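Here is the structure we will look at.
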Protein chains: 2
Amino acid sequence: MSEAESTPPVVPGDDARHPLAMETLVALCASRGFVFPSSEIYGGIAGFWDYGPLGVELKNNLKAVWWQRMVRERDDVVGIDSAIICHPRTWEASGHVDNFSDPMVDCRRCKKRFRADQLDDAGPCLDETGKKGEHDYTEARDFNLMLSTSIGASVDTTSEAYLRPETCQPIFNDFKRVREAARQKLPFGIAQIGKAFRNEITPRNFTFRSREFEQAEMEFFCHPSEHTEWFEHWREQRHRFHLDLGFDPNHVRLRPHAADELAHYAKAAEDVEFLFPFGWQEIEGVHDRGQWDLSRHSEYSGKEQSVTDEETKERFVPHVIETSVGVDRTALALLVNAYDEEELEGGESRTVMRFHPAIAPIKVAVLPLSKKLAESAHALKKDLQRHFNTAYDHAGNIGRRYRRQDEVGTPFCVTIDFETADDGKVTVRHRDSMDQDRVPLEGVVAFLRDRLETAL
Amino acid sequence: MSEAESTPPVVPGDDARHPLAMETLVALCASRGFVFPSSEIYGGIAGFWDYGPLGVELKNNLKAVWWQRMVRERDDVVGIDSAIICHPRTWEASGHVDNFSDPMVDCRRCKKRFRADQLDDAGPCLDETGKKGEHDYTEARDFNLMLSTSIGASVDTTSEAYLRPETCQPIFNDFKRVREAARQKLPFGIAQIGKAFRNEITPRNFTFRSREFEQAEMEFFCHPSEHTEWFEHWREQRHRFHLDLGFDPNHVRLRPHAADELAHYAKAAEDVEFLFPFGWQEIEGVHDRGQWDLSRHSEYSGKEQSVTDEETKERFVPHVIETSVGVDRTALALLVNAYDEEELEGGESRTVMRFHPAIAPIKVAVLPLSKKLAESAHALKKDLQRHFNTAYDHAGNIGRRYRRQDEVGTPFCVTIDFETADDGKVTVRHRDSMDQDRVPLEGVVAFLRDRLETAL
């Protein structure tokens, strides 16, 4: 049992804020190539972000551990990868065409559009000449948050389609096909990772609320009589997942939705929240969606989505428990959680990203102490990169190179020095403790494997 | 040196066809859960496909080996993951807004739209009542193949944006940021894998020509004087990659573009083609794009994209060599290439997908010979799934279970029998040779690792 489990965490209240300044993190992300605005040379595009060389590895690692835990280590969950653009009837069945909207008002004077429930934040009304005045609002109208496009080339068949606003609906579309192809019986789940799009009115908080984002969702299909126990199972599993990722247990909490927060079809919902610098915010939701989805798709497609229990011959529409991770939000939480500034002996300090080794973008850096050692250093790099994402750095003094790796969270640095030729050993330096081990060259892969392949 | 390299392949001519019937493959893909139409319960949506439980693993394996080879095993290439929706000026700079179009004509009588250069294939002209007549064509007009959408909530800032028609342009947008963040000097490359969208007039040939597809692209930036040698380097590297994936060397060829096929800015281009059942078709392109892209983005963004050589102080716009894999096309080629029907002794036959082990969706299946052995079989599965994607099957006789794994290309099956309890050994059965090895339980992970982690 880990310390996190034996000591009950002291979770701060609703008004708490993570102490890290967002500007500090945003600056590090841009300068080191984690995340930066999309199309920066054109002034950016609000709500869209690009992941750089380190960010793509971080995000891929997060997706890989989710897939490993949710799909590969379970006999009762299988994965899919569906198209972003589905048949438009999908979004009629799901209710998105009718209901996925915010009420908006336009100002006739300044021509700006605002959320009807946030007019207090509307700011000054400036006309074309910049003259200040009073807003002159229209009636509220619903503004659908789905992004739409047109598909097809023939005039008579061109049709409006939507970029999926969530990855779960195509899972429902594919429910029967996947169940049969994978020879699964209830209870079982279907998981997928992919992009989704929402035309957020006010994208904000760095990558937290963006218009293009990635979800990692799993829909678990069970008999209606079992829905409570499966909801309990999944909320517990998903909470544990985030603790296993290395989040400070004081900065993660489960928050059940109040009755008036629930979607009309939902039986229960619970958020996994992380304490960001902008407060407690959802990084994952666990939802009891009842029989809503498959019932609606049965109705709209005309294809019966119920199943028959082989033993009792009972025919029923499966009940669905959903787990839904915001991948970009969780990646942002991992960045916030990892950031640390540490005072060192002699008055120096270092910035160190304390990622879980499974999440760290670079696992090991090879640092030759002199350019004369380049040959054996390159040979070692070549050996290591078959197994781990490996960096190579020969520029600057060794202390500076350690700092560079600390700042991007590399758990291990291997230095090759002039003694290596004599004793066949290298120095492995640990990111967090800064301790050093002397390890035989031929044992480095095994040494690192033991420490990097620890079960998450 | 492998046999493929020592024996010059006999590559069939332009009119050749792969002997596999597409219907056979399409049926296998649907029934076993590799690939099937998106939104099938709504009648599908032309040009969109979903990958099922086996397809997603196949495609992820292909992407992983590309990333390993192109990014992790090179010191001079870094990865990114950019947004699908870029600033719309990107597509003005790239020329897509003006030029990424096919000339189309409408028929005034039957209201259908056709490619102006394919009117011979137009078929009969049927009016609303179904009466046959002559087509009455309009003048040809350009039909842009980009999918567009609207972003933003304020009336005055809502703007048209496009789903990227290729993944390379955001790489050019990010060139300076990434070069600085990754501390790279020329020559170096930036790679990314992601979705792209084109409103193809006639999606066809299963997943080969679809409207939503995935690309794995790499843009390599070099001094203009070095472009020929880097083009040679990359065409050779990329050809080798496909041979290493296990493609029949007689079914892969390099085809240089003729001068009149080249894009106006291109200096040279060469396709890697695979022999599909519908003929030789491109699965990857290697392109010498000259200085076109960065020059245009300098012009349209007003941000200078040239670089300075630190030694000579020469300032120049980098020259670009691109390698561009169609991920879905290559996955389809891998499926075609793997398919085999084999006569067995006793008049039986089996379907076997002969995937390279690195590509196979499932690496190993655990098959207990009796339900009484479930406990030790589950323990072994739990052990193996930490390292490999592992299946478990206890249903039906062992021959039938072997056939099921052959049909999805699982390279190894491990059977646990009643002797296992006595001698602590299991039987490992090889997919291709059907040979069997008796391996100690505690040695199975190492046995498989040796055979599955072979360098690609």
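Side chains are part of it too, since the values below use all heavy atoms of this structure and drop only hydrogens, waters and symmetry mates. Just so we're on the same page: letters track the sequence lines, and every chain starts at 1. Since this is a predicted model, take the numbers as computed values, not measurements.
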### Query
Top residue by heavy-atom pair count (under 4.5 Å) with chain B, among A:Gly52, A:Pro170, A:Ala161?
A:Gly52
### Task
Select one option (side chain, backbone, both, neither) describing which atoms of B:Lys59 are under 4.5 Å from chain A's heavy atoms.
side chain
### Task
Apply the side-chain hydrogen bond (donor to acceptor under 3.5 Å, both in side chains) test between B:Tyr42 and each candidate in A:Glu92, A:His297, A:Lys303, A:His87; give the one that qualifies.
A:His297
### Query
Hey, are B:Arg72 and A:Glu57 close enough for a salt bridge, meaning a charged N less than 4.0 Å from a carboxylate O?
yes
#### Entry: When B:Gly47, B:Ser148, B:Ala395 are compared by non-hydrogen pairs under 4.5 Å with chain A, the top option
B:Ser148
### Query
Would B:Glu40 and A:Lys176 pass as an ion pair if we require N to O under 4.0 Å?
no
### Query
Once you round to the nearest 0.5 Å, how far does CD of B:Glu180 lie from OG of A:Ser31?
10.5 Å
## Note on the structure
Between B:Cys86 and A:Ser38 the two heavy atoms that sit nearest each other are CA-OG, 4.2 Å
### Atom of A:Val178, atom of B:Pro53 and distance for their closest heavy-atom approach
CG1-CG, 3.9 Å
### Task
Below 4.5 Å from any heavy atom of chain A, which atoms of B:Gln169 appear? Answer side chain, backbone, both or neither.
neither
### Query
Hey, does the side chain of B:Asn199 reach the backbone of A:Ile151 with a donor-acceptor pair shorter than 3.5 angstrom?
no
### Flag side-chain contact, heavy atom, 4.5 Å: A:Leu147 against B:Ser150
no
#### Entry: Proximity breakdown for B:His387 and chain A, heavy-atom pairs closer than 4.5 Å
side chain
### chain B interface, residue from A:Ile80, A:Ile190, A:Asp102 that has the most non-hydrogen pairs under 4.5 Å
A:Ile80
### Task
Could you look at B:Asp393 and say if it's the side chain, the backbone, both or neither that has a heavy atom under 4.5 Å from chain A?
side chain
### Task
Flag the pair B:Ile41 / A:Phe172 as yes when at least one side-chain heavy-atom distance between them is below 4.5 Å, and no otherwise.
no
### B:Lys195/A:Glu212 ion pair, N-O < 4.0 Å
no
### Query
Where on B:Leu54 is there a heavy atom nearer than 4.5 Å to chain A: the side chain, the backbone, both, or neither?
neither
### Message
Any heavy-atom pair between the side chains of B:Ile193 and A:Val56 that's under 4.5 Å?
### Response
no
### Message
Could you check whether any side-chain heavy atom of B:Ile84 comes within less than 4.5 Å of a side-chain heavy atom of A:Phe48, counting everything from C-beta outward?
### Response
no
### Query
Among B:Phe175, B:Phe114, B:Trp67, who wins on heavy-atom pairs under 4.5 Å with chain A?
B:Trp67
### Query
Checking B:Arg183 against chain A: side chain, backbone, both or neither under 4.5 Å from a heavy atom?
side chain
#### Entry: chain A contact via B:Tyr300 - which portion, at a heavy-atom distance below 4.5 Å
both
### Query
Any side-chain heavy atom of B:Asp81 within less than 4.5 Å of one from A:Asp50?
no
### Task
Flag the one option from A:Phe197, A:Phe388, A:Tyr392 with the top tally of heavy-atom pairs under 4.5 Å to chain B.
A:Phe197
### Query
With only heavy atoms counted, which part of B:Arg404 is less than 4.5 Å from chain A, the side chain, the backbone, both or neither?
side chain
### Query
What do the steps show when you test A:Arg386 against B:Glu73 for side chain to side chain contact (heavy atoms under 4.5 Å, CB included), and what is the final call?
CA-CA 7 Å; A:Arg386 293 287 320 155; B:Glu73 293 186 6; 2.5 Å; yes
### Summary
The interface call for B:Gln68 against chain A, heavy-atom contacts under 4.5 Å, is side chain
### Task
Select one option (side chain, backbone, both, neither) describing which atoms of B:Ala391 are under 4.5 Å from chain A's heavy atoms.
neither
### Summary
Counting heavy-atom pairs under 4.5 Å with chain B, the top scorer among A:Val35, A:Val78, A:Asp174 is A:Asp174
#### Entry: Distance (rounded to the nearest 0.5 Å) between A:Ile85 CD1 and B:Ser210 OG
11.0 Å
### Message
Given B:Asp75, which partner from the list A:Lys382, A:Gln385, A:Lys381 fulfils the side-chain hydrogen bond (donor to acceptor under 3.5 Å, both in side chains) test?
### Response
A:Lys381
### Message
Less than 4.5 Å to any heavy atom of chain B: does that hold for the side chain of A:Leu163, its backbone, both, or neither?
### Response
side chain
### Message
At a 4.5 Å cut-off on heavy atoms, which part of B:Thr90 comes close to chain A: side chain, backbone, both, or neither?
### Response
both
### Query
What part of B:Phe36 lies closer than 4.5 angstrom to a heavy atom of chain A: side chain, backbone, both or neither?
side chain
### Query
Would a distance-only check, ignoring hydrogens and angles, find a side-chain to backbone donor-acceptor pair under 3.5 Å from B:Arg177 to A:Ala30?
yes
### Closest-packed option against chain B by number of heavy-atom pairs under 4.5 Å, given A:Thr390, A:Asn389, A:Leu145
A:Asn389
